[in-house]
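First up is the structure itself, then whatever we jot down about it.
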Amino acid sequence: MNKIVSKEHFSEKVVKLVVEAPLIAKARRAGHFVIVRSGEHGERIPLTIADSDTVAGTITLVVQAVGVSTQKICALEPGDYLTDVVGPLGQATHIEKVGTVVCCGGGVGVAPLLPIIKAMKQAGNKVISVLAGRSKDLIIMEDQVRENSDEVIIMTDDGSYGTKGLVTNGLEEVINREQVDLVVTIGPAIMMKFVALLTKKYDIKTVCSLNTVMVDGTGMCGACRITIDGVTKFVCIDGPEFDAHKVNFDEMLMRLKAYK
Amino acid sequence: MENNNTRDANWREDLRKSKSAKDRTSTPRVKMPELDGKYRVEHRLEEVNQGLTAEMALIEATRCLDCPDPQCVTGCPVNINIPGFIKNIERGEFLEAAKVLKETSALPAVCGRVCPQEKQCESRCIHLKMKKEAVAIGYLERFAADNERISGNIALPEVAPSNGIKIAVVGSGPAGLSFAGDMAKRGYSITVFEALHEIGGVLKYGIPEFRLPNAVVDVEIDGLRKIGVEFIKDCIIGKTLSYDDLHDMGFKGIFVASGAGLPRFMNIPGENLNGIMSSNEYLTRVNLMGAGCDGCDTPVLKGHNVAIIGGGNTAMDSVRTARRMGAERAIIVYRRSEEEMPARLEEVKHAKEEGIEFMTLHNPIEYIGDENGRVKAMRVQRMELGEPDESGRRSPIAIEGAIIEIPVDMVIVSVGVSPNPLVPKSIAGLDVSRRNTIVVNEDTMQSSISDLYAGGDIVRGGATVILAMGDGRRAAQHMHEALSK
């Protein structure tokens, strides 16, 4: 049982929860995720860790209410408990100084991107963050991203904030302007697919973080399997981050619909 | 009542004399009462084997000749005093029989259900030499354990005074539980760390309710709690806590029993289509997560034509679960013949009674999907048997051109598991084999790190509940000896 310490609404359906999990707070690195379960009959779902506080013993999760389980979790209030939180899981992000890193986040993908932005900045990289969403209220965690980035570009589908256009428009503008050494992208699978297609054209190394269906999250079930460069891999233990140019996104998009 | 359970105890001598060997051997072996095949397909959670009645157990117990040199005991990986418990049943001391079981086994009600007795204790029974059926040791074991549980008079094993030494166990499956029980009895302070949200490992997520009810497992786990074993769930050693963290917390010994986690796939075209999954995923959704029950959030796919690839016990558990979940046609697809199937005969028999089809000497080579990415058919290669391979079984060879296509809307791949590298990889200096198993001294179960022992599937790669328990027991004995020096 893990107590919810605080809650903040980013938008109607997107909630930030700070959750007591002292061991995970201490052990986690950028890129790690947890498996969360709400209720004795709850489902196990993966959520990427957005932040942690080792002193307070808490981790931060950003959840978008899209299905039964995420709706349940978003309805929890401070003082309530998550039934189970286990982790940190997956491979941590490989952080090194490469030069200029563009971090592309879409929707709630910005939450798991934030620790990578921070770590990349701390490693001495020039970090340019491109945040995208359908409209202004779906752009989240902008202030924290700004604190840790050299430049922030905001893109909205409807032009209600920043520049009207897709994340790829913002990214391409940077690529045309200056040398980019690495792109990191987290967001909806379809967005990551198009980011990968764009950077492939420019031959820029790109890392994506995948959020697939999982049950145990420790390699036991194989529900999260995807094809990387023609070989089946498990997102939970081999990932969640992969070379975006090697991911079969069409298969991933198809597999995401398995239970819909 | 005389509590001496050795063979020369007066009561055992009297009992032996009470009935002639001829009478004992001419009694036919008891038949396990079981639910009707049609009924049980409709009642997913009801246990198929109903257990012996006291009358049946009393008669079956008389079949045991109480041999001077009982070979059955040597066939048991945890060396249960088999004649000792059976003769207690024969004299009507059912609770004492359960006590004898618990001297060496942490999970008698589990073993009585899922052990392959026909390959172990029962395979050495003297009756077989006389062309008679073996004493039903497994049924009797289950009877004694169930009788004790139902009676409410659950005896706790004798526990040595606490020695204050902290020992960590990684994984709460059969190996971990067996080790924990044996070490707690020796006075150690035991903490078991479990990655999942339930204690029991494969006993909970893998073996279905109709073969091993969770309530039975929980009672055995409660027994361990009562002798002081502490369980911590949602905690992954190597992730949540490191091996070094365990040392900092004061643990003086570590037993790794993290199981064989990774499901194997065949790497054939179309295997990542929707509707195709590992037996681990399917069974975990249904058994551990309760998918298919009212009020449970975890979804599970349902198929009308379901194929299960493989011929082991897990394949049988999967196919029988699929049938219970509503599959009209549920097929075992196995590349060798029925004779080579690793599944227990009882599982095969039960599967057939439940209307499972057996498509032996066939092997899938490709899956075909519909426009939504869901599997709709599989291409299957017919096989024939060639020369025996390294496993001693005749190896399957493809018959050229003999390929058929069959419609399926769900496929469960049950072709084995590999050890989960998550724990071994997190410990620097730990000797790991090419197959990712932890390398141990086979006698002592000690790894290349002196305070770390390992057992069960993380060492064996994929074996049985009872072999895992045997490992736990041996590791406990040798860790205790090492710590006593």
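Throughout, protein chains are lettered first and strands after them, A, B, ... in sequence-line order, and every chain is numbered starting at 1.
Heavy atoms from other residues, nucleotides or ligands lying under 6.0 Å from CD of A/E77 number more than 12. Surrounding NZ of A/K13 are at most 12 heavy atoms belonging to other residues, nucleotides or ligands under 6.0 Å away.
Residue A/I45 does not touch chain B at all, counting heavy-atom pairs closer than 4.5 Å. Contacts of A/L23 with chain B are made by both backbone and side-chain atoms, with heavy-atom separations under 4.5 Å. Residue A/V231 does not touch chain B at all, counting heavy-atom pairs closer than 4.5 Å. Heavy atoms of B/L241 lying under 4.5 Å from chain A belong exclusively to its side chain. For chain A, the nearby part of B/L422 is the side chain; its heavy atoms alone come within less than 4.5 Å. Residue contact with chain A, scored on non-hydrogen atoms closer than 4.5 Å, involves the backbone and the side chain of B/I276 alike. Using a 4.5 Å cut-off between heavy atoms, A/V34 makes no contact with chain B at all. In this structure, no portion of B/V417 lies under 4.5 Å from any heavy atom of chain A.
Looking only at heavy-atom pairs under 4.5 Å with chain B, the residue among A/C221, A/A223, A/G217 that has the most is A/C221. Across A/V86, A/L89, A/V68, A/I237, the residue that shares the most heavy-atom pairs under 4.5 angstrom with chain B is A/V86. Top candidate by heavy-atom pairs under 4.5 Å with chain A, chosen from B/C296, B/P263, B/G373, is B/P263. Your options are B/V300, B/V413, B/L301, and the one with the most heavy-atom pairs under 4.5 Å with chain A is B/L301.
The side-chain contact (heavy atoms from CB on, under 4.5 Å) test applied to A/L138 returns A/S11, A/R134, A/S135, not counting sequence neighbours.
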Got a list of the donor-acceptor pairs under 3.5 angstrom between chain A and chain B?
residue, atom, partner, partner atom, Å
A/H41, O, B/D297, N, 3.0
A/R44, NH1, B/H197, ND1, 2.8
A/K72, NZ, B/D297, OD1, 3.3
A/K72, NZ, B/D297, OD2, 2.5
A/G87, O, B/T240, OG1, 2.7
A/G90, O, B/K239, NZ, 2.9
A/T218, O, B/N420, ND2, 2.8
A/M220, O, B/N280, ND2, 2.7
A/C221, O, B/S278, OG, 2.6
A/R225, NE, B/N272, OD1, 2.8
A/R225, NH2, B/E271, O, 2.7
A/R225, NH2, B/I276, O, 2.9
A/T227, OG1, B/N272, ND2, 3.1
A/T232, OG1, B/N272, ND2, 3.3
A/E251, OE1, B/N272, ND2, 3.3
A/M254, O, B/N274, ND2, 2.9
A/R255, NH1, B/N272, O, 2.7
A/Y259, OH, B/E281, OE2, 3.4
A/Y259, OH, B/R285, NE, 3.1

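Taking the side chain as every heavy atom from C-beta outward, B/L288 and A/V215 never approach each other to under 4.5 Å.
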